[in-house]
2 protein chains.
Amino acid sequence: MRILIIEDEEKMAKALRKGLEAEEYSVSVAQSGEEGFFLASTDPPDLVILDLMLPQRDGMEVLAALRQKGVSVPVLILTSKDTVRDRVCGLDAGADDYLVKPFAFPELVARVRALLRRGRPESVDTLRLADLEMRVTARVVSREGRELALTAREFDLLHYLLRNQGRVVSREMLARDVWQETARYTPLDNVIDVHVANLRRKIDEPFGNKLLHTVRGVGFVLREEAS
Amino acid sequence: MRILIIEDEEKMAKALRKGLEAEEYSVSVAQSGEEGFFLASTDPPDLVILDLMLPQRDGMEVLAALRQKGVSVPVLILTSKDTVRDRVCGLDAGADDYLVKPFAFPELVARVRALLRRGRPESVDTLRLADLEMRVTARVVSREGRELALTAREFDLLHYLLRNQGRVVSREMLARDVWQETARYTPLDNVIDVHVANLRRKIDEPFGNKLLHTVRGVGFVLREEAS
DNA sequence: ATCTTCGATGATTAGAATGCGCATGCGACT
DNA sequence: AGTCGCATGCGCATTCTAATCATCGAAGAT
């Protein structure tokens, strides 16, 4: 994940770079508004951290120019201007977050994480395990590129298993979270097993390596290697 | 734009609702964590404003449960817990912003705007799917170049489906967003189905490949490939 | 240790019940 | 006339139930 810091104070810039690099981000620094605008618009990073008081070109100007140009990279404003008026201005100019100096570094990092998390919306929308792929809102499931026809229940079941891939899920969990039956699940009732079997027939049987394994006495897991 | 406020203190909730409604948002309020979780997960709004100290179920729990369930709606935490530790926790649990009480209302609104801005793709006047084309302001729909005569309802319905192409939309969503009937949709009431059928007759039946598919148990999708 | 036995757990199958989606038609309103 | 809301009824995919079959693994005997 690439972060661009636009900040003229050298001390602050260095501290930020060091701290963010420790978090495994790839950091570059622009020392002026002009330079920052150029870098952000020619090769947009995944996030911009923007100081407001800059030589040559004010931070607000840089932000406005970027948005004007259609650059939609997330921007976090980091400044000592702390009035409500300043914050509202910054946010309304197109910033995604506004943090006031002095600040706590852990909070900055948390906010950076939050912004970068949002940047990849499709990663939330599509779940994957090996060559099995689920696009959630479209309700489409495919394996080896071939689309599979699942019923509503089967889809919900697989959705739950994919979200908990690697974890063993019990029948009680499935009864509660997929079937929404709070209490009255009985061992006599093998609805779950039936649907698991049906799901297996569609997502596993036609293909080589099985993904849906049963853990005797406990429940089921979705994972790659055989157990 | 729909906002859900999860907040038990009645005074605060009322003030928020009033202020946000003045900004043209459609606001609903949940008085407990339990209720908030239910509302947010069954019918996700465009934004959630979440208090942390709640009866029944703590705000952090609600957030974690929502993310766990794959609900990716933007969440702004609004609380009086103001330590750095609290903020980092909240953001890392999946919140998108964190604002501390007492707060300046204009700042809240600016942050709300910033969050909602991200969710929206910029508006376009002509929507397209395969050879189906809709010019929105002109209210003209055509396929294979031939203009189609749609009624007002049919147009609104198709408009909604086109804006959400590729996503499965439920009857509840249609009842709310196309019919604006907040609550009194019943499964017995098949108005939606009738209009979907009529729409199909006009945009799909005369042509080769169908675009409007039904997803049994869930709703309808507009998309190209057959499923 | 290895083999055998047996109970418990999971898998499979088929048929029954459910509920969903769709067509149709009528009345009301514009 | 055209459009929309609403109700009824049918057909069928989906889901559930229930009964049978397969498999696993621990315990005991050899």
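Being a predicted model, the structure only gives us computed values, none of them experimental. The chains referred to below are lettered A, B, ... by the order of the sequence lines, with proteins before strands, and numbering in each begins at 1.
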Which nucleotide in the list D:dT17, C:dC22, D:dG5 gets nearest to the side chain of B:Arg153?
D:dG5
Under 6.0 Å from the CE atom of B:Met12, do we count more than 12 heavy atoms belonging to anything else shown?
yes
Any luck finding a side-chain donor-acceptor pair between B:Thr126 and B:Arg128 under 3.5 Å?
yes
Of B:Gly217 and A:Gly219, whose nearest nucleotide on DNA chain C comes first from the 5' end?
A:Gly219
Phosphate OP1/OP2 of C:dC20 contacted by B:Arg171 side-chain N/O (<4.0 Å):
no
Assign a letter to each nucleotide of nucleotides 24-30 of chain C from its 5' end: B, base within under 4.0 Å of a protein heavy atom; S, sugar-phosphate only; -, no contact.
B------
Sort out for me which residue in B:Asp43, B:Asp193, B:Asp177 forms a salt bridge (charged side-chain N to carboxylate O under 4.0 Å, His left out) with B:Arg171.
B:Asp193
Ignoring hydrogens and angles, does a donor from either the side chain of A:Arg216 or the base of C:dT9 sit under 3.5 Å from an acceptor on the other?
yes
Does D:dG5 have OP1 or OP2 under 4.0 Å away from a side-chain N or O of B:His195?
yes
Rounded to the nearest Å, what distance is computed from the CG atom of residue A:Leu174 to the P atom of nucleotide D:dC16?
13 Å
Whole angstrom value for the distance that separates P of D:dG5 from CG of B:Leu157
11 Å
Below the 4.0 Å mark, does D:dT15 have OP1 or OP2 next to a side-chain nitrogen or oxygen of A:Trp179?
no
Does D:dA13 have OP1 or OP2 under 4.0 Å away from a side-chain N or O of A:Thr151?
no
